[in-house]
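What you see below is based on every heavy atom in this structure, not just the backbone, and it leaves out hydrogens, waters and symmetry mates. Along the sequence shown, residues carry numbers from 1. What you see is a predicted model, and the numbers here were worked out from it, not measured in a lab.
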Amino acid sequence: MVRVQLAVARGCTIRCLSTMATNPGLFTEWPWKKLGSFKYVLVAPWVVHGWYEVATKGWREADLGYVAILPSMLLRMLHNQAWITAARLQNARGRRQIVRRGIEFDQVDRERNWDDQIILSAILLYFGALYMPGGQYLPVWRTDGMVLITLLHVGPVEFLYYWFHRALHHHFLYTRYHSHHHASIVTEPITSVIHPFAELVAYELLFSIPLIACALTGTASIIAFELYVIYIDLMNNMGHCNFELVPSWLFRWFPPLKYLMYTPSYHSLHHTQFRTNYSLFMPFYDYIYNTMDKSSDTVYENSLKDKEKEVDVVHLTHLTSLHSIYHMRPGFAEYASKPYASKWYMRMMWPVSWLSMVLTWAYGSSFTVERNVMKKIRIQSWAIPRYSFHYGLDWEKEAINDLIEKAICEADKKGAKVVSLGLLNQAHTLNKSGELYLLKYPKLRARVVDGTSLAAAVVVNSIPQGIYQVILAGNFSKVAHAVVQALCKKNVKVIMTNKQDYHLLKPEMPEVVADNLSFSKTGTSKVWLIGDGLDAAEQFRAQKGTVFIPYSQFPPKMVRKDSCSYSTTPAMAVPKALQNVHSCENWLPRRVMSAWRIAGILHALEGWNENECGDKVLDMEKVWSAAIMHGFCPVAQL
């Protein structure tokens with residue numbers, strides 16, 4: 001599994017580098033690229049110096065403008081992250097979308113360095129605060145300075161940007177620089193600051209004109225500077241968010257506003273048409289020089305009318321660990337684009353994580369986290385606002401069941417053909433693998449699927465060729481039951497390590513294959529099928545070179561560091577036909593989905609009109625053949 005993930009990661013890195021620019025020019029690479037996450041040390045000397053001034057001189061004597069640069073930098077990061085989350089949640093719902101296409105991992109990789117621009121701005125502000133005449137000991141507010149900034153932005157900044165932007169679309173500059181930005185046809189908020197280093201330096205110098213003018217004329221102030229920076233970030237993020245949010249009544253109330261403020265759909269046309277709508281934030285230069293796209297008004301009106309489309313498949317998942325909320329698609333884009341792993345810097349955010357957990361727990365409904373499309377089948381993933389540990393609390397079970405029931409009814413109301421239950425949402429102790437909801441709503445039109453047949457088929461087909469004896473250990477489950485029966489019918493001997501489970505299962509086995517099932521605490525095999533609850537001591541009982549294949553929803557703790565190997569939890573690689581996949585499902589590699597999630601998609605693709613919940617298991621061979629036919633493939637084939 002580790003080798004698979006590395007191979008996938010290397011492939012994505014190659015694609016990312018190849019999209020730097022069509023023909024990279026001078027100074028396209030960021031100078032601190034090799035520092036990775038340690039790039040923030042670049043601003044450390046100024047940060048330390050600022051706080052040293054506060055400690056030695058006190059707040060009244062310290063240069064507050066100089067000290068405020070760090071809080072401003074952090075505020076900008078929070079502002080950008082808020083836009084990322086809002087845009088991805090809106091994209092998942094599919095309402096007011098402008099470009100109805102998905103994005104892929106290569107775009108996420110290309111845009112992972114969106115914070116470089118904030119670091120560059122901070123460095124330039126620190127230099128200005130130290131060496132620019134009039135840049136020291138700024139007052140908190142000056143109205144004349146704010147007026148000057150506004151006038152200089154409307155005049156020189158917008159005018160110079162317009163012509164500079166048109167120059168960037170000349171073949172020479174476009175292929176060397178600007179093509180990197182336009183590689184993103186479907187934009188996200190942070191696409192706005194994804195440029196080669198030299199191009200972004202030019203933008204920084206352009207936007208600094210009002211700030212330098214204020215400093216030189218003695219009209220600069222801390223709040224005016226901060227408001228201008230927030231304005232630039234706000235308009236940049238809004239113009240690239242790919243959903244229309246500017247209400248039409250604004251333009252009816254004040255018609256000239258259409259020349260002073262663009263809309264997300266206005267700038268989106270620039271990314272799809274390339275040769276129109278060049279303006280920065282104020283479209284009047286496009287009107288003056290006749291470069292406004294003639295479909296701008298139509299696209300704007302159609303985007304506002306765009307309603308949330310009906311959904312065919314809803315997959316119900318939930319949050320897992322405390323930090324998993326950052327790994328969901330609306331969370332941290334780069335973090336979500338890699339298999340989930342606990343990071344040291346995430347542990348530092350535990351106060352925010354706990355607050356997020358409380359707010360999520362208080363939220364009384366599921367929320368949409370992802371939207372995909374495959375062969376005209378519209379798919380959404382909804383998250384139940386509970387974490388894994390909640391499912392183990394007896395006093396939470398009724399509330400969780402109510403949340404799942406409410407989500408299934410809502411999906412049914414929206415026209416969903418299939419609702420698949422992921423992770424613990426299908427726990428037998430919670431709702432009898434979903435059967436509880438069918439008993440309560442016998443006229444439910446949506447089919448409820450727990451995915452047992454495909455999960456079991458994945459486990460059975462993961463066993464290497466030539467293996468005729470396996471050991472089954474860990475907590476018994478519906479998937480394990482299906483796996484044991486399938487293997488015994490194939491004359492593969494199954495040795496169970498739990499005596500109680502063995503005695504429960506043995507009487508159910510057909511007489512002709514019953515001898516293939518046995519109980520032993522000392523049996524040996526090169527393949528172990530493992531479930532939840534398997535402790536380290538039992539794993540160490542396995543011989544060297546053992547292949548551990550989980551049949552559980554959650555991955556086991558990998559305690560064997562010798563020649564043993566661990567497969568993924570039951571999952572398959574998805575075909576290219578499945579679009580808008582740019583986040584990893586929990587701990588799985590890129591473009592790999594859990595069998596339980598894929599089962600719901602297959603159900604809709606095949607038009608099967610039966611539920612798979614309670615004790616019912618679909619024909620494993622039929623389900624497996626359907627998965628292969630539609631392009632899903634075993635993870636090992638990656």
Side-chain angles (χ1 to χ4, degrees), residues 65 68-84 86-87 114-115 117-122 124-125 128-129 135 138-162 164-165 187-195 200 202-215 217 219-241 243-247 250-251 254 256-268 270 277-286:
I69 294 174
L70 175 63
S72 172
M73 182 180 173
L74 298 176
L75 179 62
R76 293 185 68 191
M77 290 182 176
L78 289 174
H79 183 194
N80 287 350
Q81 181 57 49
W83 271 101
I84 294 168
W114 59 268
D115 52 344
Q117 179 255 351
I118 297 177
I119 295 174
L120 176 61
S121 295
L124 294 175
L125 285 171
L138 303 180
V140 175
W141 173 254
R142 284 196 60 157
T143 304
D144 53 355
M146 191 71 250
V147 172
L148 181 60
I149 287 174
T150 303
L151 293 174
L152 289 175
H153 177 84
V154 174
V157 172
E158 288 280 346
F159 177 77
L160 292 173
Y161 177 89
Y162 175 84
F164 178 57
H165 194 183
T187 59
E188 291 203 282
I190 51 175
T191 306
S192 60
V193 293
I194 303 304
H195 301 280
L200 204 44
Y203 292 144
E204 290 288 341
L205 294 175
L206 184 62
F207 295 143
S208 68
I209 290 173
L211 306 183
I212 293 173
C214 281
T217 57
T219 58
S221 66
I222 296 172
I223 294 179
F225 276 24
E226 186 60 26
L227 286 176
Y228 185 53
V229 171
I230 290 174
Y231 166 75
I232 292 172
D233 285 345
L234 175 69
M235 297 302 288
N236 260 333
N237 285 317
M238 185 185 78
H240 294 80
C241 67
F243 68 93
E244 191 51 74
L245 53 80
V246 181
L250 268 178
F251 300 108
F254 186 60
L257 189 63
K258 68 182 295 185
Y259 304 106
L260 302 176
M261 184 182 80
Y262 73 175
T263 63
S265 56
Y266 185 90
H267 188 70
S268 179
H270 176 69
N277 295 6
Y278 291 102
S279 291
L280 178 55
F281 307 138
M282 300 180 175
F284 60 80
Y285 284 112
D286 280 315

About how many Å separate [atom2] of [Y] and [atom1] of [X], when rounded to the nearest 0.5 Å?
X      : Y      : atom1 : atom2 : result
Ile209 : Phe207 : CD1   : CZ    : 10.0 Å
Ile84  : Ile190 : CD1   : CD1   : 4.0 Å
His153 : Leu206 : NE2   : CG    : 9.0 Å
Tyr262 : Met235 : OH    : CE    : 5.5 Å
Leu148 : Thr143 : CG    : OG1   : 12.5 Å
Asn237 : Ile232 : CG    : CD1   : 12.0 Å

### Summary
Contacts satisfying salt bridge (charged side-chain N to carboxylate O under 4.0 Å, His left out) that involve residues 204-215 (not counting sequence neighbours) are none
### Summary
The complete set of salt bridge (charged side-chain N to carboxylate O under 4.0 Å, His left out) pairs with one or both residues in residues 223-237, sequence neighbours excluded, reads Arg76-Asp233
### Message
Any side-chain to backbone donor/acceptor pair from Thr217 onto Ala213? Under 3.5 Å, distance only.
### Response
yes
### side-chain contact (heavy atoms from CB on, under 4.5 Å) between Asn80 and Ile118, worked out
CA-CA 10 Å; Asn80 287 350; Ile118 297 177; 3.6 Å; yes
[X]: what forms a side chain to side chain contact (heavy atoms under 4.5 Å, CB included) with it, not counting sequence neighbours?
X      : answer
Leu151 : Val147
Ala224 : Trp141, Met146, Ile149, Ser221
Ala129 : Tyr66, Ile69
Ser265 : Ile98, Glu244, Thr263, Val299, Tyr300, Ser303

### Message
Any heavy-atom pair between the side chains of Ser208 and Leu124 that's under 4.5 Å?
### Response
no
### Query
Is there a side-chain contact between Phe281 and Asn236 (heavy atoms, below 4.5 Å)?
yes
#### Entry: Counterpart residues, side-chain hydrogen bond (donor to acceptor under 3.5 Å, both in side chains), relative to His195 (two or more places apart)
Glu199
### Qualifying residues under side-chain hydrogen bond (donor to acceptor under 3.5 Å, both in side chains), relative to Trp83, sequence neighbours excluded
His79
Mind listing the closest non-hydrogen atom pair of [X] and [Y] along with its distance?
X      : Y      : answer
Leu260 : Met282 : O-CG, 3.1 Å
Asn277 : Tyr266 : ND2-O, 2.7 Å
Ala87  : Cys241 : CB-O, 3.9 Å
Ile194 : Trp114 : CD1-CA, 3.8 Å
Gly155 : Tyr285 : O-OH, 3.6 Å
Val154 : Glu158 : O-CB, 3.6 Å

### Task
Return the set of residues passing salt bridge (Lys or Arg N to Asp or Glu O under 4.0 Å) with Glu188 (not counting sequence neighbours), or none when no residue passes.
Arg88
### Task
Please identify each residue that fulfils salt bridge (Lys or Arg N to Asp or Glu O under 4.0 Å) with Asp286, with sequence neighbours left out.
none
## Note on the structure
Sorted by chain and number, sequence neighbours left out, ring pair (Phe, Tyr, Trp, His ring centres under 6.0 Å) with Tyr161 holds for His165, Tyr203
### Message
Test of understanding: with ring pair (Phe, Tyr, Trp, His ring centres under 6.0 Å), list the residues that count as partners of Tyr259, not counting sequence neighbours.
### Response
Tyr287
### Task
Begin from the C-alpha positions of Val246 and Met261 and carry the test side-chain contact (heavy atoms from CB on, under 4.5 Å) through to its verdict.
CA-CA 10 Å; Val246 181; Met261 184 182 80; 3.7 Å; yes
